[in-house]
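As structure tokens, the structure follows; a few thoughts come after it.
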Amino acid sequence: MAHHDTLTGAEILLKALVDQGVEVIFGYPGGAVLPIYDELFKQNRLRHVLVRHEQAAVHAAEGYARSTGKVGCVLVTSGPGATNAVTGLADAQCDSVPLVCLTGQVPTHLIGNDAFQEADITGITRPCTKHNYLVKDVNLLAKTVHEAFHVARSGRPGPVLIDLPKDVIQNRGEYMPPSKVKSKYKPQVKGDLKAIEKAVDMIAHAKRPIFYVGGGVINSGPAACQLLTQFVRMTGFPCTLTLMGLGAFPGSDPLFLGMLGMHGTVEANMAMHDCDLMINIGARFDDRVTGKLDGFAPKSKKIHVDIDPSSINKNVAVDLAVVGDCAHILEDMIKVWKAKQCRTDEKAIKTWWTQIEKWRDVNCLAFENSNRLIKPQYAIQRIYELTRHRNPYICTEVGQHQMWAAQHLRFDLPHHWLTSGGLGTMGYGLPAAMGVQMAHPESLVIDIAGESSIQMNIQEMATLVQHRLPVKIVILNNQYMGMVRQWQELIHGGRYSESHMIHHPDFVKLAEAFGAVGLRAEKPEEVDGVIKEMMAVDRPVIVEMRTDASENVFPMIMPGMAHNEMVLGPEDKSRDNPGSEQDGMVLV
Amino acid sequence: MNKPVEEINRHTIAVLVDNESGVLARVVGLFSGRGYNIESLTVAEVDPRENLSRITIVTSGTAMIIEQIKNQLRRLVPVHKVHDLTIEGPHVSRELALIKVNATGEKRVESLRIADIFRARAIDSTNESFVFEVVGATEKVDAFVKLMEPLGLTDVSRTGVVAIARGPNPI
């Protein structure tokens, strides 16, 4: 049976991964994938990071992918191994992260028999992957893997799952190199030139314009970010970024208005509300950005550049759509702008900036510091000031700490900010940081966490120690699920239903139990010291900062409200008018 | 809030897909997952050499929803072409139904008379029953079924709509 030209499915798989440029696999073994792990054992081209839970393998691959622009790779076993990966896949789907997730499956003759550790994972993941495959023939394996990587990285990126029955990876078959695979999947990358010309014309005539830029520009690559920066500076227009877009335009540039949306800045949200031209590049009018749709930028014309046609006119009807890759379209926009020798309406733009500066003068991110309690905003500002010279990669979990990090950190480069935006997955940050550190072993990688989120994937501390990944975890411990507590305080009459975690582990001892370093700061004057100590250690570190438990994230657009109806702080009277259920819309 | 009442219209959409396992589940899952209507759905292989199947979907929604449906369908990897026959020009659409009527005496004779008017054929017969085959637009099939109801209708099996654009041009 064995022929010199044939390979086992497991050999084909690893060869295909190497040919696709995979260097690291995040995974966890089990019965159905043992033949693949046996093959991994015999080689040294592919490194494997042994996680402690499959969800973390997917987040780690996301961290790897988002910080490098490459496709992340995950390998888990059938049944529970695969179902544990589902949250990670859904996260990657929401945030358009390119991944290939390999799942084991029971042998083909047992599929459908409710066999041991069998799950219909292609069925389960159909709505939360970009695409998935069940490979039934070893001779189709190489082709499927190559096509999966192509699909994951092309167009709007996303996670692709390949289900691998055990007999398929044990059978012998023929390898096919990537050059022989022709995929029919070819998303449009070049934008329609007529539409681009029209967009440039609208931009040249705008009086109160704003660039509203999202993660699509970062996904498009560093070239797209450079072109965006160039174009924004050519026009002198203000630019705001979404949570996923932070880093696409330099955070230190005076044209940058900060993040927009539910916890965005006054200047960004007010400029969005009052603009006459919105230039959306690679953002998707998410409900956390738009607020109440009826009150969203009511006086504006809207241009939408997106690679995914289904993002166009999904939530917000736009006046001009350009479908394609941001880098190509921005390049063409700049060309057309130069060729037509376009000029902006300088007088109008100057008036517009005068107005924006007034909003900026509100200084909406200011907070009342304390010399008794560590204010979370202060902690994040100190992390920023003390680490910025090392150009760190920052991951976050989900909640208040995430929003404070997004507000108070400044990113001048793309790919350095990793957060779970669309799905809002608590427990994302630590494993994502693990993946970032694997890709950038010499870099400073920090996970800014809350004490609740961190406990969702705390087991990965063991992975950090085992693989000598010196990730720094800063836990802002306010004793509560802070964002839940904030909503209960502001919207649910202060009834703190199940948001107070009365018992927490001793995080310093916990770090030590895992073999990492534990540090703690309880007073503002201790903050700088622990950050410096954390940076000096070449091992994984948990820093627990005991922060003010009552602090809330402001500004805030209450659910169901519009951009010009922000609540600026605890003293703001407009908070007495929180959104109610309007038009049958359930508030989330 | 005074929102203009958005008009809900019925559209017939033709979708050319790879004939592979799971493709129908992807299409149906997209409709259920995003809360779109399916009024009728038919699918069969149409090109064995290229391994392509054609799905005809009748759905309804506002213009924005219909645009979303088409774009979401196009986003599926095994989907190659999506055409909205309702807005792309004139098209013909047909449905086939098999209808069982249990009747004797005058009712049996009446059912045959109506079948004749509708150009339906009896394709199975016993002393107390007929199975009629009727082809036509959905409205015609509806009308036929309604007329058969008082005459002893027991069973209806319908294919759902298949549709194709008029004129020489392929999809």
Side-chain angles (χ1 to χ4, degrees), chain A residues 90 93 96 108 111-112 120-137 140 144 147-148 150-152 154-156 158 160-161 163 183-188 285 292-295 306-318 321 323 560 562 582-585, chain B residues 1-9 11 13 15-36 38 47 49-55 57 59 61-84 87 171:
Chain A
Q93 173 79 346
S96 307
T108 43
I111 290 178
D120 172 15
I121 200 63
T122 49
I124 290 170
T125 59
R126 215 172 270 134
C128 66
T129 53
K130 185 174 177 187
H131 194 49
N132 61 24
Y133 302 89
L134 168 63
V135 185
K136 285 183 169 168
D137 176 356
L140 294 175
T144 307
E147 198 178 289
H150 170 72
V151 170
S154 309
R156 180 176 180 174
V160 178
L161 180 140
D163 204 18
S183 176
K184 288 189 242 171
Y185 181 71
K186 288 188 194 106
Q188 182 182 343
F285 293 110
K292 182 173 67 179
L293 284 173
D294 289 343
D306 204 300
I307 199 160
D308 179 0
S310 75
S311 282
I312 311 278
N313 293 335
K314 181 173 67 179
N315 305 328
V316 172
V318 295
V323 172
Q582 290 168 349
D583 300 346
M585 189 176 84
Chain B
M1 232 132 298
N2 289 324
K3 273 186 197 167
V5 181
E6 286 181 80
E7 210 180 324
I8 292 178
N9 282 313
H11 288 243
I13 299 171
V15 189
L16 220 54
V17 301
D18 284 329
N19 179 22
E20 61 182 33
S21 78
V23 67
L24 191 58
R26 280 178 215 286
V27 170
V28 173
L30 189 147
F31 276 75
S32 63
R34 292 183 182 269
Y36 308 142
I38 298 182
D47 187 342
R49 256 180 312 166
E50 294 287 320
N51 199 30
L52 293 175
S53 290
R54 180 165 170 142
I55 301 176
I57 303 168
T59 182
T62 61
M64 210 159 155
I65 295 279
I66 296 291
E67 188 188 340
Q68 258 302 294
I69 290 173
K70 289 183 279 185
N71 283 329
Q72 291 290 348
L73 284 168
R74 287 190 187 104
R75 206 152 85 116
L76 299 175
V77 173
V79 167
H80 299 299
K81 285 180 181 169
V82 177
H83 284 270
D84 187 339
I87 61 169
I171 187 171

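So you know, we letter chains A, B, ... as the sequences are listed, proteins then strands, and number each from 1.
- Note that CG of B:Leu76 is 10.5 Å distant from CZ of A:Arg126, once rounded to the nearest 0.5 Å.
- Interface check for chain B: of the options A:Leu134, A:Val151, A:Thr122, A:Asp308, the most heavy-atom pairs under 4.5 Å are formed by A:Asp308.
- Taking A:Phe285 as the reference, A:Tyr212, A:Phe296, A:His304 meet the ring pair (Phe, Tyr, Trp, His ring centres under 6.0 Å) condition, with sequence neighbours excluded.
- Interatomic distance, OH of A:Tyr185 versus NE2 of B:His80, reported as 12.5 Å (0.5 Å rounding).
- Ranked by heavy-atom pairs shorter than 4.5 Å toward chain A, the options B:Gln68, B:Glu20, B:Lys70 are led by B:Gln68.
- At a threshold of 4.5 Å between non-hydrogen side-chain atoms, the residues B:Arg26 and A:Asn132 count as touching.
- The nearest pair of heavy atoms linking B:Met64 to A:Ala317 is CE-N, 3.9 Å.
- With a threshold of 4.5 angstrom between heavy atoms, A:Pro127 does not approach chain B through any atom at all.
- Put simply, CD on B:Gln72 and NZ on A:Lys314 are 6.5 Å apart, with the number rounded to the nearest 0.5 Å.
- With sequence neighbours left out, A:Lys184 forms a side chain to side chain donor-acceptor pair (under 3.5 Å) with B:Asp18.
- Residue contact with chain A, scored on non-hydrogen atoms closer than 4.5 Å, involves the side chain of B:Glu67 exclusively.
- What you find for B:Arg75 and A:Ser310 is that their closest heavy atoms are CD-OG, 3.3 Å.
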